[in-house]
Amino acid sequence: MPATTKLGDTPFRPFETDLDQSRALAVLRRAVAGGDDGELFIERRRSEILAFDDGRLRNASYDSGSGFGLRAVAGGAAGYAHSTELTDAALARAAETARLAVRDGGGTMAPPPPGTNRRLYEAMDPVSEHPLALKIDLLKEIDAYLRAKDRRVVQVSASLAGGVQEIVILRPEGGLVSDHRPMSRLNISVIVEHEGLRESGSTGAGGRRGYDDLIEPANWRAMADEALRQALVNLEAEEAPAGVMEVALGPGWPGILLHEAIGHGLEGDFNRKGTSAFTELMGQRVAAPGITVIDDGTLPGRRGSLSIDDEGTPSNRTVLIEDGILVGLMQDRQNARLMGTAPTGNGRRQSHAHPPMPRMTNTIMLGGEADPADIVAGIKDGIYAVNFGGGQVDITNGKFVFACTEAYRVKNGKVLHPVKGATLIGDGPSALRRIRAVGNDMAMDPGIGTCGKNGQGVPVGVGQPTLLIEGLTVGGAGAG
């Protein structure tokens with residue numbers, strides 16, 4: 001057997017460099033014999049993060065590694081073992097552990113995923129495509145540009161992150177599939193100060209591509225200008241009012257509220273276990289007429305897109321809510337089988353050290369027919385939330401709290417002034433039913449989302465048009 005290759009030297013072919021494919025297949029088959037499903041997931045990855053802050057390079061990190069995870073599934077149980085050693089001995093030990101979930105067997109092996117030749121992104125490596133010095137110079141230039149742009153700028157932070165994940169999945173029936181997944185992201189934040197008051201603004205962009213678009217001067221300058229604009233808007237902001245009122249959500253990134261408050265509740269495992277606010281509501285109205293929500297992992301180059309998921313199933317465009325009616329859920333292979341439905345290409349894992357579970361890819365509310373300007377003009381007493389920061393959600397009931405990073409007070413259709421300290425409080429199922437207008441401006445987020453679930457983080461995308469929701473609680477410190 002050839003010596004183990006260094007990461008990035010050659011295409012990832014672990015059965016040519018590290019493992020014997022026929023022996024690995026025999027070990028996998030013994031591990032899953034009598035079970036319902038399983039696979040050998042092999043991964044190689046590398047990544048870098050460069051962070052420039054307060055006028056100097058604060059962090060430059062590089063990480064690389066490889067490993068495998070072996071899973072044996074029986075009913076609702078799954079045995080999982082993983083290792084960073086790509087050796088026959090490590091694989092045999094992992095198989096013994098994973099086999100414990102199968103016990104005496106009695107299961108019927110699920111059919112394999114369908115094949116696909118689709119590729120939604122190029123096989124590239126952002127880490128090696130540009131010299132390190134060029135990337136550092138870019139961050140320095142962003143810092144200098146913003147400080148020269150406005151004398152009120154007191155701090156600039158910029159980070160560039162990129163990497164590549166290469167995977168190979170071996171199935172018990174002998175099928176072998178692979179994927180090469182690039183990722184890149186640029187983030188910029190700025191703090192401004194005026195008469196003792198400090199405010200911030202931030203922006204970012206990325207996707208399954210290299211750095212070329214991000215380092216293009218016209219693109220990063222537009223991002224820097226947007227971060228500065230947000231910060232200057234917040235300098236003029238007044239305290240947000242508190243109370244129940246109408247809320248318009250802007251297009252694009254505000255779809256993170258949809259993702260958190262609604263999307264997680266439409267993942268198969270929560271519904272199978274009866275812990276979702278949408279449990280047993282299939283075929284029933286869960287949203288206002290005209291509301292259609294999809295999860296689409298097939299969008300080329302998007303941050304949440306996948307040519308195949310982490311079980312080997314081709315990604316899909318899954319309709320979840322159609323014209324207000326719940327019609328579908330996001331499924332991995334195990335939950336789909338237990339619920340008597342088909343996998344949707346949503347079986348995802350953070351790395352070889354994690355078992356797959358149902359996860360979102362790009363979760364989107366489709367656009368309607370309303371003019372966004374008319375939606376805002378229709379607000380009698382409320383706020384217009386353009387951007388969000390962090391939030392918290394309880395999956396069992398959909399209750400959420402989200403902080404607005406850019407929002408405006410609106411009365412009688414007039415945008416009065418920006419507000420700060422606004423939080424949106426409600427629950428996803430109720431919010432869906434209270435949508436009164438859907439804009440014709442559906443937009444995707446710029447490529448900055450990461451979703452956490454059960455300790456695993458995966459890249460995701462969100463999208464939505466401008467929306468008008470009535471009866472949301474706005475938390476704030478100002479007078480109404």
**Q** Does a salt bridge link Glu43 with Arg349, judged by any charged N lying under 4.0 Å from a carboxylate O?
**A**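 No salt bridge links Glu43 with Arg349.
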**Q** To the nearest 0.5 Å, how far apart are CG in Asp445 and CZ in Phe388?
**A**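 Nearest 0.5 Å value for the CG-CZ distance: 13.5 Å.
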**Q** Mind listing the closest non-hydrogen atom pair of Pro358 and Asp332 along with its distance?
**A**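 For Pro358 versus Asp332, the nearest heavy atoms are CD-OD2, 3.5 Å.
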**Q** If you look at every heavy atom in Phe12 and Ile167, which pair is closest and at what distance?
**A**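 Scanning both residues completely, I find the closest heavy atoms to be CD2-N, 4.4 Å.
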**Q** Taking the side chain as everything from C-beta on, heavy atoms only, tell me whether Asp36 gets closer than 4.5 Å to Gln334.
**A**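 The answer is no; the side chains never approach within 4.5 Å.
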**Q** Decide yes or no on side chain to side chain contact (heavy atoms under 4.5 Å, CB included) for Leu299 and Met444, but give the supporting numbers first.
**A** CA-CA 11 Å; Leu299 303 174; Met444 295 296 297; 4.2 Å; yes
**Q** Considering all heavy atoms of both residues, which atom of Tyr211 and which atom of Leu160 are nearest to each other, and what is their separation?
**A**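 Looks like CE2-CG, 3.6 Å.
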**Q** Within the distance-only criterion (no hydrogens, no angle test), does the side chain of Ser184 pair as donor or acceptor with the backbone N or O of Gly210 below 3.5 angstrom?
**A**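 Yes: the side chain of Ser184 pairs with the backbone of Gly210.
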**Q** When rounded to the nearest 0.5 angstrom, what is the spacing between CG in Leu281 and CD1 in Ile321?
**A**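 CD1 of Ile321 is found 10.0 Å from CG of Leu281.
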**Q** Does the side chain of Asn362 pick up a donor-acceptor pair with the side chain of Ser305 at under 3.5 Å?
**A**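 Short answer, yes.
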**Q** In chain order, what residues pass the side chain to side chain contact (heavy atoms under 4.5 Å, CB included) check against Pro112, with sequence neighbours excluded?
**A**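 In terms of side chain to side chain contact (heavy atoms under 4.5 Å, CB included), with neighbours along the sequence ignored, Pro112 is linked to Arg171, Glu173.
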**Q** Indicate yes or no for a side-chain donor-acceptor contact from Arg436 to the backbone of Ala288 under 3.5 Å, with no hydrogens or angles considered.
**A**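 Between the backbone of Ala288 and the side chain of Arg436 there is no qualifying donor-acceptor contact (under 3.5 Å).
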**Q** With sequence neighbours left out, what residues match Ser157 under side chain to side chain contact (heavy atoms under 4.5 Å, CB included)?
**A**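 In terms of side chain to side chain contact (heavy atoms under 4.5 Å, CB included), with neighbours along the sequence ignored, Ser157 is linked to Asp53, Gln155, Ser189.
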**Q** Test side chain to side chain contact (heavy atoms under 4.5 Å, CB included) on Val164 and Val127; report intermediate values, then the result.
**A** CA-CA 8 Å; Val164 60; Val127 176; 5.7 Å; no
**Q** Report the C-alpha distance between Ser128 and Arg46 in whole Å, list the side-chain angles of each, state the deciding distance to 0.1 Å, and finish with yes or no for side chain to side chain contact (heavy atoms under 4.5 Å, CB included).
**A** CA-CA 10 Å; Ser128 62; Arg46 65 171 174 169; 3.4 Å; yes
**Q** Taking all non-hydrogen atoms of both residues, which atom of Pro343 and which atom of Ala336 are closest, and how far apart?
**A**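 Shortest heavy-atom separation between Pro343 and Ala336 comes out as N-CB, 3.5 Å.
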**Q** Please round to the nearest 0.5 Å and tell me the distance separating atom CD1 of Ile448 and atom OG1 of Thr203.
**A**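 Rounded to the nearest 0.5 Å, the CD1-OG1 separation comes to 6.5 Å.
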**Q** Do Val462 and Trp253 come close enough that some side-chain heavy atom pair is under 4.5 Å?
**A**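 A side-chain contact exists here, since the closest heavy-atom pair is under 4.5 Å.
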**Q** If we check side chain to side chain contact (heavy atoms under 4.5 Å, CB included) with Val458, which of these qualifies: Arg359, Arg303, Met360?
**A**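 Only one of Arg359, Arg303, Met360 forms a side chain to side chain contact (heavy atoms under 4.5 Å, CB included) with Val458, namely Arg359.
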**Q** So does Ser315 get a backbone contact from the side chain of Arg118, meaning a donor-acceptor N/O pair under 3.5 Å?
**A**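 Judged by distance alone, yes, a pair lies under 3.5 Å.
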**Q** Run the salt-bridge test on Lys453 and Glu267 with the 4.0 Å N-O cut-off and return the result as yes or no.
**A**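 Glu267 and Lys453: salt-bridged.
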**Q** Give the C-alpha distance, both sets of side-chain angles, the deciding distance and a yes or no for side chain to side chain contact (heavy atoms under 4.5 Å, CB included) between Glu311 and Ile169.
**A** CA-CA 7 Å; Glu311 299 177 304; Ile169 302 173; 5.7 Å; no
**Q** Quick one: do the Asp295 and Thr363 side chains pair a donor with an acceptor below 3.5 Å?
**A**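 There is such a pair between these side chains.
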**Q** Apply salt bridge (Lys or Arg N to Asp or Glu O under 4.0 Å) to Arg333 and list each qualifying residue two or more places apart in sequence or on a separate chain.
**A**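 Per chain and number, Arg333 pairs via salt bridge (Lys or Arg N to Asp or Glu O under 4.0 Å) with Asp37.
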**Q** For Thr361 and Arg348, does a side-chain donor sit closer than 3.5 Å to a side-chain acceptor?
**A**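 There is no such pair between these side chains.
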**Q** Near Asn59 CG, under 6.0 Å, is it more than 12 heavy atoms from other residues, nucleotides or ligands?
**A**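 Buried by this count: over 12 neighbours within 6.0 Å.
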**Q** Decide if atom CD of Gln21 counts as having more than 12 heavy atoms of other residues, nucleotides or ligands within a radius under 6.0 Å.
**A**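 Yes, enclosed.
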**Q** Which pair of non-hydrogen atoms, one from Ala31 and one from Ala72, has the smallest distance, and what is that distance?
**A**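 Ala31 and Ala72 have their closest heavy atoms at O-CB, 3.6 Å.
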**Q** As an exercise, state the distance from CG of Leu432 to CG of Leu258, rounded to the nearest 0.5 Å.
**A**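 Answer rounded to 0.5 Å: 7.5 Å.
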**Q** Please confirm whether the backbone N or O of Glu122 pairs with a side-chain atom of His180, one donor and one acceptor, at under 3.5 Å?
**A**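 The answer is no, because no donor-acceptor pair under 3.5 Å joins these two groups.
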**Q** Between Tyr384 (side chain only) and Gly250 (backbone N and O only), is there a donor and an acceptor less than 3.5 Å apart?
**A**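 Looks like no, no N/O pair under 3.5 Å.
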**Q** For the CG atom of Leu424 and the CG atom of Leu249, what is their distance to the nearest 0.5 Å?
**A**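 Spacing of CG (Leu424) from CG (Leu249) equals 6.5 Å.
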**Q** Tell me if a side-chain donor or acceptor on Asn316 pairs with a main-chain N or O of Gly297 at a distance below 3.5 Å.
**A**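 A pair under 3.5 Å: no.
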**Q** Do Leu467 and Met365 have side chains that get closer than 4.5 Å, going by heavy atoms?
**A**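 A side-chain contact exists here, since the closest heavy-atom pair is under 4.5 Å.
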**Q** Can a side-chain donor-acceptor contact be found between Asn335 and Arg272 if the only test is distance below 3.5 angstrom?
**A**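 Result is yes, a qualifying pair exists.
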**Q** Taking Gln230 for the side chain and Ser202 for the main chain, is one N or O donor matched with an acceptor at less than 3.5 Å?
**A**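 Checked: pair present.
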**Q** How far does CD of Gln284 sit from CG of Leu326, to the nearest 0.5 angstrom?
**A**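 Those atoms lie 8.5 Å apart.
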**Q** Is it the case that atom CZ in Arg103 sees more than 12 heavy atoms from other parts of the structure closer than 6.0 Å?
**A**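 Check fails, neighbour count at 12 or below.
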**Q** By the definition side chain to side chain donor-acceptor pair (under 3.5 Å), identify the one residue from Asn440, Asp441, Asp371 that meets it with Thr466.
**A**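 For Thr466, the side chain to side chain donor-acceptor pair (under 3.5 Å) test succeeds with only one of Asn440, Asp441, Asp371, which is Asp441.
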**Q** Indicate yes or no: at least one non-hydrogen side-chain atom of Cys451 is less than 4.5 angstrom from one of His264.
**A**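 When only atoms from C-beta onward are counted, His264 and Cys451 do touch, with a gap below 4.5 Å.
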**Q** Charged N to carboxylate O under 4.0 angstrom, Glu470 versus Arg434?
**A**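 Salt bridge absent between Glu470 and Arg434.
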